[in-house]
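Please read the structure below before turning to the comments.
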2 protein chains.
Amino acid sequence: MARKTGSHADITGPAIKASALRLFARSGYAAVSMREIAGDVGVRAGALYLYTPDKQTLLFDLLREHMEHLLASWTAAKSGATPLERLETFVHFHVDYHFDRSDEVFLSYMELRNLSPDNFGRIEVMRRRYEAELEAILCDGDASGAFHLPDLRVTTRAMIAMLNGVLTWYREDGHLSRDSIRKMHWQMARGMVQA
Amino acid sequence: MARKTGSHADITGPAIKASALRLFARSGYAAVSMREIAGDVGVRAGALYLYTPDKQTLLFDLLREHMEHLLASWTAAKSGATPLERLETFVHFHVDYHFDRSDEVFLSYMELRNLSPDNFGRIEVMRRRYEAELEAILCDGDASGAFHLPDLRVTTRAMIAMLNGVLTWYREDGHLSRDSIRKMHWQMARGMVQA
DNA sequence: GTCTATATCCGGATAGAC
DNA sequence: GTCTATCCGGATATAGAC
């Protein structure tokens with residue numbers, strides 16, 4: 001935590017994002033001040049403005065980078081021949097991602113309201129693109145007779161909501177293993193589509 | 001909106017709660033000022049303090065009254081002989097309640113973090129009591145062999161999360177009727193428990 | 001690259017007039 | 001019961017020294 005003068009851009013920049021992510025996730029964007037973020041990083045508030053033009057952009061960048069990473073990770077992970085296999089891959093991927101990046105995911109659906117209209121629109125496009133990935137799987141499964149869905153869009157949203165639920169209660173130190181939680185959610189997801 | 005002097009306690013009191021509820025739900029507790037609430041009601045900020053000791057208590061009272069009403073409504077509505085019937089009653093009740101009181105429900109799970117520790121504890125007790133109602137139904141169904149659950153608590157939470165999903169996308173003017181949404185969620189819930 | 005100092009504004013809450 | 005006026009703290013963001 002040496003605060004000597006000199007160049008620390010490569011350290012301070014990421015540190016600001018990490019602190020902001022953690023604090024926003026814990027207390028909410030509106031409740032966290034720039035001073036608090038700076039204090040967590042170990043600099044003064046004014047120094048933050050070397051790395052972000054303002055607080056709003058700081059939030060937006062966190063959400064944008066999260067969504068980009070989510071989409072890229074899914075593109076790399078997607079696999080399976082049948083709709084059932086593809087759905088299983090999606091469920092496992094989604095739950096795992098929530099385990100590994102819970103702060104990012106939590107932020108991305110709690111703080112949408114604090115984005116400016118323009119920024120909200122940009123994030124929303126990416127969120128829909130992710131949703132469309134699941135929707136495509138369900139659509140194919142419904143068409144092939146593997147699934148039996150009451151409504152494509154409603155089922156898509158309900159399944160995302162169900163899977164997101166782990167965010168609100170999962171703790172690392174709980175008595176359930178990650179693998180068992182993954183398996184349970186897969187079983188419930190399969191039930192939801194009547195596979 | 002006549003602002004004559006005189007006694008308006010019976011009007012202003014509820015009006016403040018209604019405005020606060022709507023504004024908190026729309027923009028978030030931390031982002032809404034007392035002046036903004038007062039402006040929405042049609043009074044000055046100072047007048048709010050005739051009805052609430054502070055902003056925190058205003059939020060707490062909204063959540064407490066919501067939880068009390070939710071629990072009372074469910075107590076009045078619960079019925080059914082078999083676990084399957086009871087579960088259907090619960091799902092229909094829960095979805096209907098979300099339709100009718102979306103602001104209250106939304107607030108109750110978005111603003112928990114902005115409660116003081118004491119107030120949070122009080123709300124959490126009521127939230128758990130509601131969750132326990134569903135858990136009891138699932139427990140009985142699992143014991144009787146009507147349901148097949150991977151884990152009682154995980155299924156309870158996942159089902160609540162799934163049902164809460166309607167909050168994030170349902171709009172009155174959508175193309176889906178309330179009844180069709182209710183039926184679809186019942187079908188998915190039934191699938192989740194393998195009934 | 002960071003700090004100190006500050007401009008500017010807005011927040012919650014209170015006192016006293018009407 | 002409400003308003004006006006105000007206290008006081010804290011917010012974002014900027015300017016200039018080091």
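In what follows, chains are A, B, ... by sequence order, proteins preceding strands, each numbered from 1.
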Donor-acceptor pair, distance only, cut-off 3.5 Å: does the side chain of A:His66 make one with the backbone of A:Leu62?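 Pair absent, no side-chain N/O of A:His66 close to backbone of A:Leu62.
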
To the nearest Å, give me how far apart [atom1] ([X]) and [atom2] ([N]) are.
{"X": "A:Leu48", "N": "D:dT12", "atom1": "CG", "atom2": "P", "value": "9 Å"}
{"X": "A:Asn114", "N": "D:dT12", "atom1": "CG", "atom2": "P", "value": "13 Å"}
{"X": "A:Leu50", "N": "C:dC3", "atom1": "CG", "atom2": "P", "value": "10 Å"}
{"X": "A:Ile16", "N": "C:dT2", "atom1": "CD1", "atom2": "C1'", "value": "11 Å"}

Fill in: A:Ala47 or A:Ala31, whichever maps to the more 5' nucleotide of DNA chain D
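This one resolves to A:Ala31.
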
Ring centres of A:Tyr130 and A:Phe90 under 6.0 Å apart?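 Yes, close enough.
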
Under 3.5 Å between N/O atoms: give me all the protein pairs with nucleotides 12-17 of chain C, atom names plus distance.
unit_1, atom_1, unit_2, atom_2, d
C:dG12, OP1, B:Met34, N, 3.3
C:dG12, OP1, B:Lys55, NZ, 3.1
C:dG12, OP2, B:Met34, N, 2.7
C:dG12, N7, B:Arg35, NH1, 3.1
C:dG12, O6, B:Arg35, NH2, 3.0
C:dA13, OP2, B:Tyr49, OH, 2.9
C:dA13, OP2, B:Lys55, N, 3.0

- Considering just the side-chain nitrogens and oxygens of A:Thr12, establish if one lies under 4.0 Å of OP1 or OP2 belonging to C:dG1.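 For C:dG1, OP1/OP2 do not have a side-chain N/O of A:Thr12 under 4.0 Å.
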
| task | Please list, chain by chain and in numerical order, all residues satisfying side chain to side chain contact (heavy atoms under 4.5 Å, CB included) with A:Gln56, sequence neighbours excluded. | result |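 Applying side chain to side chain contact (heavy atoms under 4.5 Å, CB included) to A:Gln56 gives A:Tyr29, A:Asp54, A:Leu115, A:Ser116, A:Asn119.
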
| Looking at B:Arg178 and B:Asp100, does any basic side-chain N land under 4.0 Å from a carboxylate oxygen? |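 Judged by the 4.0 Å cut-off on N to carboxylate O distance, B:Arg178 and B:Asp100 do form a salt bridge.
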
Going by salt bridge (Lys or Arg N to Asp or Glu O under 4.0 Å), A:Asp96 matches just one of A:Arg182, A:Arg101, A:Lys183. Which one?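 Exactly one pass, corresponding to A:Arg182.
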
Of all residues at least two apart in sequence or in a different chain, which pass the salt bridge (charged side-chain N to carboxylate O under 4.0 Å, His left out) check with B:Glu88?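 Checked B:Glu88 against salt bridge (charged side-chain N to carboxylate O under 4.0 Å, His left out); zero matches.
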
